[in-house]
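What follows is a set of notes on a single structure, which appears directly below.
Numbering starts at 1 and runs along the sequence shown.
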Amino acid sequence: MAQKTIFREFLPVILLAFVAFLGFARLAQAVEIQKVVSPGGIEAWLVEDHTVPIIAMNFSFEGGSAQDPAGKEGVTRLLAATLDEGAGDLKSEDFQARLEELAVGIGFSTGKDRFYGSMRTLTSTLPQAGDLLAIAVNEPRFDETPVERMKTQLSTQARRNQSSPDAIAGRSLANAMFGSHPYARPTIGTEQTLNGLGASDLRSQYEKIVTRSDLTIGVVGAIDAETLKPLLDKVFATLPEEGALVAVSDLAPEFGEDIHQELAVPQTTILLGLPGITRDDPDYQAAYVMNHILGGGSFTSWMYEEVREKRGLSYGASTSLSPYQHTGLLIGSASTKADRAGETIKVMLDQFERMATEGPSADELKSAKQFITGSYPLRFDSSGKIARQLVALQNADLGIDYFDRRNSEIEAVTLEDVQRVAKRLLAEKVPTIVTVGPKQG
């Protein structure tokens, strides 16, 4: 009886989710993007869809954790954690209570190169949601109590990272490949740097990053252009044109180092790092297909087949492309028993060499392209995902017609393209090798 009551209670939510899925499935087939410019000159890309009464807005500002001053690592991450902890006349608890009351989601995050924000709301609460987002973006409070609370949370996470194999491996790889470049600084900071931060540091970083300079916005859902325009001005029009961003130089990552970090854990974590490719590189799509075959395609990739299926060395082995604004990485990863770490690394290196010297077969290329193009609609199965995609397209300067072009660009990749980019990225390259685990024999 209780189960039936619960089901009846949540049936409207379930039906709304199902209708939303059908609506976004339709959107995946044909996404029409409108370029909207407000009276105040704020530009956004809009995908209008009235299937369900939901609106998603994503946006980003130029400048991420690479803008953290030396000795103040983590300040941009702390800024992201505190922008919605009180704003305008609303203290932290009042702001959060208002969000909960309205069922509105507002959040912020940071990457290395950009600072991100988002809002999710029903159409019925759009005016109130817009008001809350506007004061969060324009009038953050940085009150002592919530700032200290967020510092404690981040410091706890930073402390845990000191004993996390994955975090240790990632930090070791970044230090080895990025050296003294700002990308090497930990986005979350350290206990020491976080403890030294205060409201004045947050205010300074806020004024540096939260500006109209290179602002990108994506909006999806039950809203038209004329309704969106005043919302854009309410949230963004009064921001300063630009802040005092520090120039970040392009970087050629170092590679070839062999690093072991001893840690008393059951398995050894492995990272292999090589220079990769940036998103604006003409070879990017060829590199994306190549990586899918090498280790990005999960159960169908060479790494998975050779490391797990044939030899049982690991539950999984993979590779990924990490394109940043000023550099790119190609990273291989696995986790295995300590006494089989050397064997696992050798098998992974063999796949790098095989891709550089032989390349994939025509059938492997065909299968990879079919999967990549066929799975693309999964990126459009929610308003939030589409809004994030709209922002990503603008950040990478891919053009408003990219959704229409993307699969044809993948289809156009040839064996010769894959072989060329494989040689470029992998031939005669010795990766940086990071292992974290028990003492090696």
Side-chain angles (χ1 to χ4, degrees), residues 19-62 105-107 109 111 113-123 126 129-130 133 137 212-237 279-280 282 284-285 288 323 325 372-412:
V19 171
F21 174 78
L22 293 178
F24 294 129
R26 179 181 62 78
L27 271 178
Q29 302 303 314
V31 175
E32 180 181 349
I33 304 174
Q34 305 174 54
K35 185 180 291 186
V36 178
V37 180
S38 73
I42 304 300
E43 180 180 313
W45 288 8
L46 168 66
V47 173
E48 185 177 344
D49 181 72
H50 296 268
T51 306
V52 290
I54 296 173
I55 300 166
M57 173 187 286
N58 277 58
F59 50 94
S60 77
F61 302 96
E62 183 181 9
I106 291 176
S109 62
D113 298 305
R114 299 193 69 87
F115 189 83
Y116 300 92
S118 65
M119 178 188 73
R120 304 288 182 271
T121 182
L122 296 171
T123 52
L126 178 61
L133 181 62
V137 169
R212 293 175 59 167
S213 174
D214 201 26
L215 168 66
T216 56
I217 306 168
V219 181
V220 178
I223 185 171
D224 58 31
E226 294 309 309
T227 305
L228 176 59
K229 288 177 182 179
L231 174 61
L232 294 175
D233 279 346
K234 177 190 291 186
V235 178
F236 302 109
R279 188 58 188 85
D280 60 356
Y284 183 82
Q285 299 292 33
Y288 188 85
Q325 184 174 335
I372 293 169
T373 56
S375 62
Y376 194 47
L378 295 177
R379 300 189 183 187
F380 304 90
D381 64 1
S382 74
S383 57
K385 283 186 180 180
I386 301 171
R388 285 193 295 272
Q389 288 284 313
L390 295 178
V391 170
L393 296 192
Q394 295 173 77
N395 291 343
D397 197 24
L398 294 177
I400 202 167
D401 62 341
Y402 179 76
F403 288 159
D404 298 325
R405 301 186 340 255
R406 188 267 191 177
N407 276 357
S408 62
E409 290 182 5
I410 296 294
E411 291 288 0

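With sequence neighbours left out, the ring-ring contact (aromatic ring centres under 6.0 Å, His included) criterion links Phe61 to Phe59. Listed by chain and number, the residues in a side chain to side chain donor-acceptor pair (under 3.5 Å) with Thr121 are Thr125 (sequence neighbours excluded). For Ile400, the side-chain contact (heavy atoms from CB on, under 4.5 Å) partners at least two apart in sequence or on another chain are Ile33, Lys35, Trp45. Residues forming a side chain to side chain donor-acceptor pair (under 3.5 Å) with Thr123 (at least two apart in sequence, or on another chain): none. Judged as a salt bridge (charged side-chain N to carboxylate O under 4.0 Å, His left out), and not counting sequence neighbours, Arg120 has no contacts. Residues satisfying the ring-ring contact (aromatic ring centres under 6.0 Å, His included) test with Phe403, not counting sequence neighbours, are Phe380. With sequence neighbours left out, the side chain to side chain donor-acceptor pair (under 3.5 Å) criterion links Ser38 to Asp233. Among residues two or more places apart in sequence or in another chain, the salt bridge (charged side-chain N to carboxylate O under 4.0 Å, His left out) test is passed with Glu409 by Arg405. Annotation: side chain to side chain donor-acceptor pair (under 3.5 Å) contacts of Asp397 (sequence neighbours excluded): none. Under the side-chain contact (heavy atoms from CB on, under 4.5 Å) criterion, Thr373 pairs with Asn407, Ile410, Glu411, sequence neighbours left out.
Contact of the Phe115 side chain with the Ser60 side chain is not registered, since no non-hydrogen atoms from C-beta on lie closer than 4.5 Å. Residues Ile217 and Ile42 meet the side-chain proximity criterion, which asks for heavy atoms closer than 4.5 Å. Inter-residue side-chain proximity for Met119 and Val235 is flagged as unmet; no heavy-atom pair is nearer than 4.5 Å. Two residues are said to be in side-chain contact when any heavy atoms from C-beta on lie closer than 4.5 Å; Leu390 and Val47 meet this criterion. Within the 4.5 Å cutoff, side-chain heavy atoms of Leu228 are placed close to those of Met57. At a threshold of 4.5 Å between non-hydrogen side-chain atoms, the residues Val220 and Asp49 do not count as touching.
The only member of Arg114, Arg279, Gln325 that meets side-chain hydrogen bond (donor to acceptor under 3.5 Å, both in side chains) when paired with Asn395 is Arg114.
Summarising the geometry of Leu231 relative to Gly130, their closest heavy-atom pair is CD1-CA, 3.7 Å, with the distance given to 0.1 Å. Residues Asn58 and Ala387 share a closest heavy-atom pair of OD1-CB, 3.5 Å. Between Gly218 and Gln394, the shortest heavy-atom contact is N-NE2, 4.3 Å. The two residues Ala56 and Ser383 have their closest heavy-atom pair at CB-OG, 3.6 Å.
Here the side chain of Arg379 pairs no donor or acceptor atom with the backbone of Gln389 at under 3.5 angstrom. In this structure a side-chain-to-backbone donor-acceptor pair under 3.5 Å is missing from Asp214 to Glu62.
For residues 216-228, the set of pairs meeting the salt bridge (Lys or Arg N to Asp or Glu O under 4.0 Å) definition, not counting sequence neighbours, comprises Glu226-Lys229. The list of salt bridge (Lys or Arg N to Asp or Glu O under 4.0 Å) pairs with a residue in residues 383-392, not counting sequence neighbours, reads Asp381-Lys385.
Relative to the six-membered ring of Tyr376, Arg406 meets both conditions, a distance below 6.0 Å and an angle of at most 45° to the axis.
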